[in-house]
Amino acid sequence: RHGTHNEIILDIATRVIQNRNRFPQLGVGWMLRDLTLADEGAVVEFIKEHYTEFTREGLRYAIEKMNNSLRQDLLNYGKADSSKRR
């Protein structure tokens, strides 16, 4: 059963993450935080794909259950990406 609905969850998250209001962002963060336990790779990929659509607070919730090194990499992901564009 674990992981049966991951695709549906990520599809919903893709639509909701576009809403910049606080509570939809937190909802996506909470959902991704729990999905990390079932499929961390898919969550990391989702975060990288939609990094610019996350608020800082939503992103922090999403990465809460990841190891410290991965959390730091994801928090700095956008910074590294923007320095490549310069």
Side-chain angles (χ1 to χ4, degrees):
R1 282 207 218 197
H2 226 16
T4 334
H5 303 289
N6 293 1
E7 199 171 306
I8 294 168
I9 292 168
L10 291 172
D11 183 46
I12 292 167
T14 299
R15 287 185 253 146
V16 176
I17 196 68
Q18 296 171 24
N19 186 331
R20 300 289 293 177
N21 291 309
R22 182 176 188 214
F23 292 112
Q25 287 281 325
L26 297 183
V28 170
W30 290 333
M31 198 166 53
L32 293 176
R33 178 187 64 197
D34 287 336
L35 185 58
T36 295
L37 302 175
D39 193 351
E40 184 176 71
V43 173
V44 169
E45 185 179 321
F46 180 88
I47 290 171
K48 287 181 176 180
E49 227 174 273
H50 299 277
Y51 188 86
T52 58
E53 297 168 50
F54 274 96
T55 61
R56 197 70 169 169
E57 188 177 27
L59 179 61
R60 287 196 170 274
Y61 277 176
I63 64 175
E64 188 176 304
K65 292 187 179 179
M66 296 178 182
N67 70 55
N68 193 41
S69 169
L70 184 53
R71 278 197 314 261
Q72 289 306 312
D73 288 348
L74 289 172
L75 284 172
N76 295 320
Y77 180 76
K79 295 174 188 171
D81 192 41
S82 65
S83 67
K84 288 179 187 175
R85 288 181 272 184
R86 289 181 186 172

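FYI, side chains are in, hydrogens and waters are out, and symmetry mates aren't considered; it's all heavy atoms of this structure.
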Working note: I63 + L70, criterion side-chain contact (heavy atoms from CB on, under 4.5 Å); need CA distance, chi angles, decisive distance, verdict. CA-CA 8 Å; I63 64 175; L70 184 53; over 6 Å; no

Go through the steps to decide whether I47 and M66 satisfy the test side-chain contact (heavy atoms from CB on, under 4.5 Å), and finish with yes or no. CA-CA 12 Å; I47 290 171; M66 296 178 182; 4.1 Å; yes

Stepwise side-chain contact (heavy atoms from CB on, under 4.5 Å) test for F54 and F46: CA-CA 11 Å; F54 274 96; F46 180 88; 3.9 Å; yes

Do any side-chain atoms of residues 22-37 form donor-acceptor pairs under 3.5 angstrom with protein atoms, and if so which ones, sequence neighbours left out?
| from | atom 1 | to | atom 2 | distance (Å) |
| --- | --- | --- | --- | --- |
| R22 | NE | E57 | OE1 | 3.0 |
| R22 | NE | E57 | OE2 | 3.4 |
| R22 | NH2 | E57 | OE2 | 3.0 |
| Q25 | OE1 | T55 | N | 2.8 |
| Q25 | OE1 | T55 | OG1 | 3.3 |
| Q25 | NE2 | I17 | O | 3.0 |
| Q25 | NE2 | N19 | O | 3.1 |
| Q25 | NE2 | E53 | O | 3.0 |
| D34 | OD1 | K65 | NZ | 3.3 |
| T36 | OG1 | L32 | O | 2.9 |

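Between the N76 side chain and the Q72 main chain, a donor and an acceptor come within less than 3.5 Å of each other.
For the atom pair CG of L75 and CZ of R56, the computed distance is 4.5 Å after rounding to the nearest 0.5 Å. Note that CG of L74 and OH of Y51 are 8.0 Å apart. Values are rounded to the nearest 0.5 Å. Atom CG of N6 sits about 7.5 Å away from atom OG1 of T4, to the nearest 0.5 Å.
In terms of heavy-atom proximity, R20 sits nearest to T52 at NH1-O, 3.5 Å.
Residues I12 and V44 fall within the same hydrophobic cluster, defined by Ile, Leu, Val, Met, Phe, Trp and Tyr side chains chained together at heavy-atom separations under 4.5 Å.
For CD of Q18, the number of neighbouring non-hydrogen atoms (other residues, nucleotides, ligands) closer than 6.0 Å is greater than 12. Within 6.0 Å of CD on E64 lie more than 12 heavy atoms contributed by other residues, nucleotides or ligands.
With sequence neighbours excluded, no residue forms a salt bridge (Lys or Arg N to Asp or Glu O under 4.0 Å) with E49.
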